[in-house]
Amino acid sequence: MTDVQIEGAVPLLDPSSLKVENSTNNNQNGVETEVEEAEDDTPCIDIIINNVVCTFSTRCHLNLRTVAMEGVNVEYKREQGMCNMRIRRPYTTASIWSSGKITCTGATSEPYAKIAARKFARQLQRIGFDVKFTNFKVVNVLGTCSMPFKIKVADMARKYPREVSYEPELHPGATYRIKEPKATLKIFTTGSITVTAPCVDNVQSAIEHIFPLVAEFKAVKSEVNAELLMKEAKFIQKHRVIKPKRPITKFEEDLEYEDSSEEDFDSEEDQD
């Protein structure tokens with residue numbers, strides 16, 4: 001299992017790491033054990049949380065026109081029947097409906113998402129609404145990570161046709177869905193993986209689950225370049241366009257005639 005680091009979340013504890021700590025304490029001479037060397041060889045993958053989407057309710061009716069007129073950094077969209085309110089710390093955007101339901105996007109962790117939601121509720125309370133912060137829930141988390149190697153996505157889709165959905169004509173990435181824990185992954189040939197899950201813990205579990213599967217289809221850089229060159233050659237051969245020859249201008253004909261006359265003149269001098 002790889003050591004995964006998540007920005008904005010507490011990493012999960014690995015029982016093997018606890019054993020290593022005990023073994024180092026018992027070793028008085030300070031000699032590194034074989035377990036430590038094995039852990040040093042394992043790659044460390046950083047998971048970056050790009051977006052956390054949460055929802056909450058105010059339990060009161062909101063007059064969107066009043067919110068747009070008296071609120072700060074508010075954009076009123078009358079056609080859609082909603083308002084967009086923004087704050088800087090944390091940098092998030094709230095979609096406000098008149099029913100009192102609010103969706104907050106843009107946070108980089110679950111604690112920041114809750115802080116931003118409470119700030120939006122406080123601003124609505126200052127405007128004059130009887131707001132009650134209830135039903136807070138994190139509904140979606142978007143995370144990305146980059147593997148230290150390239151991935152043969154086409155070979156992976158051939159071996160696991162049920163789990164992997166790969167349509168290169170529609171999207172360059174392969175879709176891999178995990179039922180437990182619930183998560184959806186987008187795998188690209190460059191080694192980058194995008195994870196969509198209902199919480200941050202599911203994102204980490206999904207990366208730990210997909211790493212051994214992806215490691216089977218590790219591609220060398222030269223192999224990836226060869227595949228790209230083959231695809232480009234096939235594309236050029238299929239869409240080859242034969243350009244017509246450019247017609248010779250009268251000026252070029254005169255130049256050819258002058259060159260030929262000089263050659264004939266030189267040959268006559270040689271004969272003399």
Side-chain angles (χ1 to χ4, degrees), residues 4-13 46-145 171 175-186 193-209:
V4 184
Q5 297 179 357
I6 298 181
E7 295 186 0
V10 179
L12 298 178
L13 293 178
D46 294 332
I47 301 176
I48 302 173
I49 304 300
N50 296 321
N51 188 16
V52 177
V53 182
C54 63
T55 60
F56 68 95
S57 178
T58 60
R59 280 193 178 181
C60 68
H61 177 78
L62 300 176
N63 189 348
L64 299 181
R65 186 178 180 85
T66 304
V67 174
M69 294 294 291
E70 300 182 11
V72 181
N73 295 330
V74 180
E75 181 183 3
Y76 181 37
K77 295 184 178 180
R78 185 177 179 182
E79 297 81 7
Q80 301 178 5
M82 59 174 290
C83 286
N84 286 338
M85 182 182 291
R86 293 180 177 85
I87 58 175
R88 292 184 179 181
R89 294 182 182 178
Y91 188 77
T92 51
T93 303
S95 300
I96 305 171
W97 282 271
S98 59
S99 61
K101 182 180 179 181
I102 299 176
T103 302
C104 181
T105 61
T108 56
S109 65
E110 292 181 359
Y112 282 165
K114 190 170 185 179
I115 291 171
R118 294 185 68 87
K119 282 188 175 183
F120 287 121
R122 181 66 67 185
Q123 287 195 14
L124 294 174
Q125 195 175 31
R126 288 173 180 172
I127 293 174
F129 298 103
D130 186 14
V131 175
K132 296 180 180 178
F133 186 81
T134 57
N135 299 330
F136 174 81
K137 183 180 180 182
V138 175
V139 295
N140 195 4
V141 177
L142 177 65
T144 58
C145 70
H171 193 269
T175 303
Y176 186 90
R177 290 181 174 84
I178 303 175
K179 294 183 179 179
E180 188 63 34
K182 186 178 180 181
T184 303
L185 297 89
K186 289 284 186 180
I193 299 177
T194 303
V195 186
T196 305
C199 62
V200 175
D201 293 338
N202 284 19
V203 173
Q204 180 174 354
S205 301
I207 296 299
E208 294 176 355
H209 174 80

Task: Minimum heavy-atom distance between I207 and C145, given as atom pair plus value - done: CD1-SG, 3.4 Å
Open item on the list: Applying side-chain hydrogen bond (donor to acceptor under 3.5 Å, both in side chains), can you list everything that pairs with T144, at least two apart in sequence or on another chain?
Closed with: N50
Open item on the list: Please identify which of these residues, I102, L62, L64, meets the side-chain contact (heavy atoms from CB on, under 4.5 Å) condition with C83.
Closed with: L64
Task: Heavy-atom neighbours of K101 NZ exceed 12 at 6.0 Å - done: no
Task: pair S95-N84: side-chain heavy atoms closer than 4.5 Å - done: yes
Task: K186 side chain near T175 side chain, heavy-atom distance below 4.5 Å - done: yes
Open item on the list: Quick one: does any side-chain atom of K119 pair with a main-chain N or O of R89 as donor and acceptor, under 3.5 Å?
Closed with: yes
Open item on the list: If I compare all heavy atoms of V67 with all of V74, which pair ends up nearest, and what's the gap?
Closed with: O-CG2, 3.9 Å
Task: Inter-residue atom distance C104.SG - Y112.OH, 0.5 Å rounding - done: 14.0 Å
- [ ] Please name the pair of heavy atoms, one in C54 and one in A117, separated by the smallest distance, quoted to 0.1 Å.
- [x] SG-CB, 4.4 Å
TODO: Calculate, to the nearest 0.5 Å, the distance between atoms CZ and OG1 belonging to R177 and T184 respectively.
DONE: 5.5 Å
TODO: Please examine the side chains of C199 and E110, heavy atoms only from C-beta on, and report whether any two atoms are closer than 4.5 Å.
DONE: yes
Task: Distance-only polar pair, side chains of T58 and K132, donor-acceptor under 3.5 Å - done: no
Open item on the list: Which heavy atom of F56 sits nearest to which heavy atom of F136, and what is that distance?
Closed with: CB-CA, 4.0 Å
Task: Main-chain N/O of S57 paired with T134 side-chain donor or acceptor, under 3.5 Å - done: yes
Open item on the list: Looking at every non-hydrogen atom in both residues, tell me the closest pair between W97 and G81 and how far apart they are.
Closed with: CD1-O, 3.6 Å
Task: For the student: nearest non-hydrogen atoms of Y76 and M82, plus distance - done: CD1-O, 3.6 Å
Open item on the list: With a 4.5 Å cut-off on side-chain heavy atoms, are I87 and N73 touching?
Closed with: no
Task: Nearest-0.5 Å distance, CG of residue N202 to CD of residue E180 - done: 7.5 Å
Task: Backbone N/O of G106 and side chain of N51: donor-acceptor pair under 3.5 Å - done: yes
TODO: Decide yes or no for V52 and V138: does some side-chain heavy atom of the first lie under 4.5 Å from some side-chain heavy atom of the second?
DONE: yes
- [ ] Sequence neighbours left out, what passes ring-ring contact (aromatic ring centres under 6.0 Å, His included) with H171? Give chain and number order.
- [x] F188
Open item on the list: For a 4.5 angstrom cut-off between non-hydrogen side-chain atoms, does P90 reach I115?
Closed with: yes
Task: Spatial distance of atom CE (M85) from atom OG1 (T92) [nearest 0.5 Å] - done: 10.5 Å
Open item on the list: Using side-chain heavy atoms (C-beta onward) and a distance below 4.5 Å, is N63 in contact with F129?
Closed with: yes
Task: Straight-line distance of I96 CD1 to Q123 CD, nearest 0.5 Å - done: 8.5 Å
Open item on the list: Checking E75 now: which residues fulfil side-chain hydrogen bond (donor to acceptor under 3.5 Å, both in side chains) with it, not counting sequence neighbours?
Closed with: none
Open item on the list: Quick check for you: to the nearest 0.5 Å, what is the distance between I193 atom CD1 and I47 atom CD1?
Closed with: 9.5 Å
Task: Sub-4.5 Å side-chain heavy-atom contact between T103 and V53 - done: yes
